[in-house]
Amino acid sequence: MARPAAAQQEIAYVNSDEVLQQMPEYTSVQQELEQLEEEWRSEIQSQEEEVQRLVEEFQARELLYTPDERERQQERIREARREVERLRSDYFGPEGQLFQRQQELMRPLQERVLEVVEGIAEAAGYDYVFDTAGEYLFMYARPQHNLTEDVILELGIDNPNTPSDSNN
């Protein structure tokens with residue numbers, strides 16, 4: 001059954017971006033990410049320059065090539081372009097190395113902030129704490145306000161997390 005609503009709930013908020021930016025470790029994480037990004041952009045730029053050199057060389061000698069040589073050179077250019085795109089995707093794509101490295105470096109900082117928020121919330125008696133950075137996300141919620149199991153029961157759904165009576 002649904003629990004009675006509390007007369008008054010204590011709600012607080014935190015801007016995790018602001019907190020993270022004040023952490024000394026954040027600066028070194030940002031510097032490392034910027035350095036990686038600079039290196040990778042430089043590598044891609046170098047590859048793009050190589051593609052441009054191949055194109056210019058092809059254009060200068062195109063009339064001298066046999067049809068087979070012309071096709072080989074064009075394929076070489078296409079392959080060089082594919083390589084540039086592959087690098088760009090590997091480094092900067094949605095699941096690219098920069099994103100992965102950022103997640104890896106930021107996770108410990110974020111976990112520390114979350115741990116501190118939970119400690120403060122419990123000590124100060126807050127029922128909910130949400131994060132105002134970006135989309136509003138709850139960083140903490142008192143477990144007694146979790147209605148998930150009540151909703152599952154009310155819907156008549158068997159919850160695999162609840163022991164069943166069929167073992168009798």
Side-chain angles (χ1 to χ4, degrees), residues 11-124 126-143 145-146 148 151-152 159-161:
I11 299 173
Y13 67 89
V14 172
N15 184 323
S16 64
D17 284 347
E18 190 175 328
V19 173
L20 287 168
Q21 289 173 14
Q22 298 298 317
M23 296 175 76
E25 304 95 317
Y26 182 81
T27 303
S28 62
V29 165
Q30 287 304 107
Q31 288 172 346
E32 181 175 335
L33 292 172
E34 287 170 7
Q35 181 180 352
L36 275 175
E37 183 176 1
E38 176 73 28
E39 287 173 19
W40 290 337
R41 286 199 189 285
S42 177
E43 182 179 345
I44 289 170
Q45 177 66 32
S46 174
Q47 292 285 343
E48 287 173 334
E49 289 169 2
E50 175 62 16
V51 169
Q52 186 58 36
R53 187 191 65 73
L54 289 172
V55 168
E56 290 170 2
E57 179 182 307
F58 176 78
Q59 290 171 342
R61 298 180 179 177
E62 183 175 9
L63 297 175
L64 302 175
Y65 291 139
T66 66
D68 286 345
E69 289 172 325
R70 188 175 302 123
E71 181 56 37
R72 273 196 302 278
Q73 293 303 320
Q74 288 173 329
E75 180 56 34
R76 195 169 149 208
I77 292 169
R78 285 191 294 272
E79 182 57 36
R81 285 183 175 143
R82 282 192 293 270
E83 178 63 15
V84 168
E85 289 309 310
R86 186 192 63 75
L87 278 177
R88 187 174 284 122
S89 178
D90 285 354
Y91 291 150
F92 302 113
E95 298 297 319
Q97 292 180 38
L98 185 64
F99 175 78
Q100 291 173 5
R101 187 67 179 142
Q102 180 180 24
Q103 295 295 91
E104 182 181 307
L105 293 171
M106 291 299 292
R107 186 170 292 116
L109 301 181
Q110 292 165 331
E111 287 174 354
R112 230 172 89 211
V113 169
L114 186 57
E115 188 177 300
V116 169
V117 166
E118 288 175 359
I120 291 170
E122 289 174 359
Y126 289 109
D127 294 299
Y128 301 99
V129 177
F130 61 93
D131 188 356
T132 60
E135 295 189 25
Y136 292 97
L137 298 172
F138 279 96
M139 297 179 80
Y140 173 82
R142 274 198 192 277
H145 295 302
N146 183 352
T148 305
V151 172
I152 290 170
N159 186 348
N161 298 326

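Atom set for the values below is all heavy atoms of this structure, side chains included, hydrogens, waters and symmetry mates excluded.
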- Query: Which atom pair, heavy atoms only, marks the closest approach of Asp131 to Val14?
  - Reply: OD1-O, 2.9 Å
- Note on the structure: For Val19 and Val113, the nearest pair of non-hydrogen atoms, with its separation, is CG1-CG2, 3.8 Å
- Task: Show your working on side-chain hydrogen bond (donor to acceptor under 3.5 Å, both in side chains) between Arg70 and Gln73 and close with a plain yes or no.
- Result: CA-CA 5 Å; Arg70 188 175 302 123; Gln73 293 303 320; over 6 Å; no
Distance, nearest 0.5 Å, that separates [atom1] of [X] from [atom2] of [Y]:
| X | Y | atom1 | atom2 | result |
| --- | --- | --- | --- | --- |
| Leu109 | Gln21 | CG | CD | 12.0 Å |
| Gln110 | Tyr26 | CD | OH | 9.5 Å |
| Tyr91 | Leu36 | OH | CG | 9.5 Å |
| Arg76 | Phe58 | CZ | CZ | 11.5 Å |
| Leu20 | Thr27 | CG | OG1 | 11.0 Å |
| Glu57 | Ile77 | CD | CD1 | 8.5 Å |

I'd like to know if [X] and [Y] make a salt bridge, using a cut-off of under 4.0 Å between side-chain N and carboxylate O.
| X | Y | result |
| --- | --- | --- |
| Arg78 | Glu71 | yes |
| Arg112 | Glu25 | yes |
| Glu37 | Arg101 | no |
| Glu75 | Arg82 | yes |

- Stepwise side chain to side chain contact (heavy atoms under 4.5 Å, CB included) check, Arg81 with Val55: CA-CA 10 Å; Arg81 285 183 175 143; Val55 168; 3.5 Å; yes
Residue pair [X] / [Y], side-chain heavy-atom distance below 4.5 Å:
| X | Y | answer |
| --- | --- | --- |
| Met23 | Val29 | no |
| Val84 | Ile44 | yes |
| Glu48 | Val51 | no |

Atom [atom1] of [X] with >12 non-hydrogen neighbours under 6.0 angstrom:
| X | atom1 | result |
| --- | --- | --- |
| Arg86 | CZ | yes |
| Tyr13 | OH | no |
| Glu115 | CD | no |
| Tyr126 | OH | no |

- Message: Tell me whether the NZ or CZ atom of Arg41 lies within the 45° cone about the ring axis of Phe92 and under 6.0 Å from its centre.
- Response: yes
- Task: Would you sort out whether Glu85 and Arg88 count as a salt bridge (charged side-chain N to carboxylate O under 4.0 Å, His left out), showing the intermediate values?
- Result: CA-CA 5 Å; Glu85 289 309 310; Arg88 187 174 284 122; 2.5 Å; yes
- Item | With Glu49, the side-chain hydrogen bond (donor to acceptor under 3.5 Å, both in side chains) member among Gln52, Gln45, Gln47 | Gln45
- Task: Apply the test side chain to side chain contact (heavy atoms under 4.5 Å, CB included) to residues Leu87 and Trp40: give CA-CA distance (whole Å), side-chain angles for both, the deciding distance (0.1 Å), then the verdict.
- Result: CA-CA 8 Å; Leu87 278 177; Trp40 290 337; over 6 Å; no
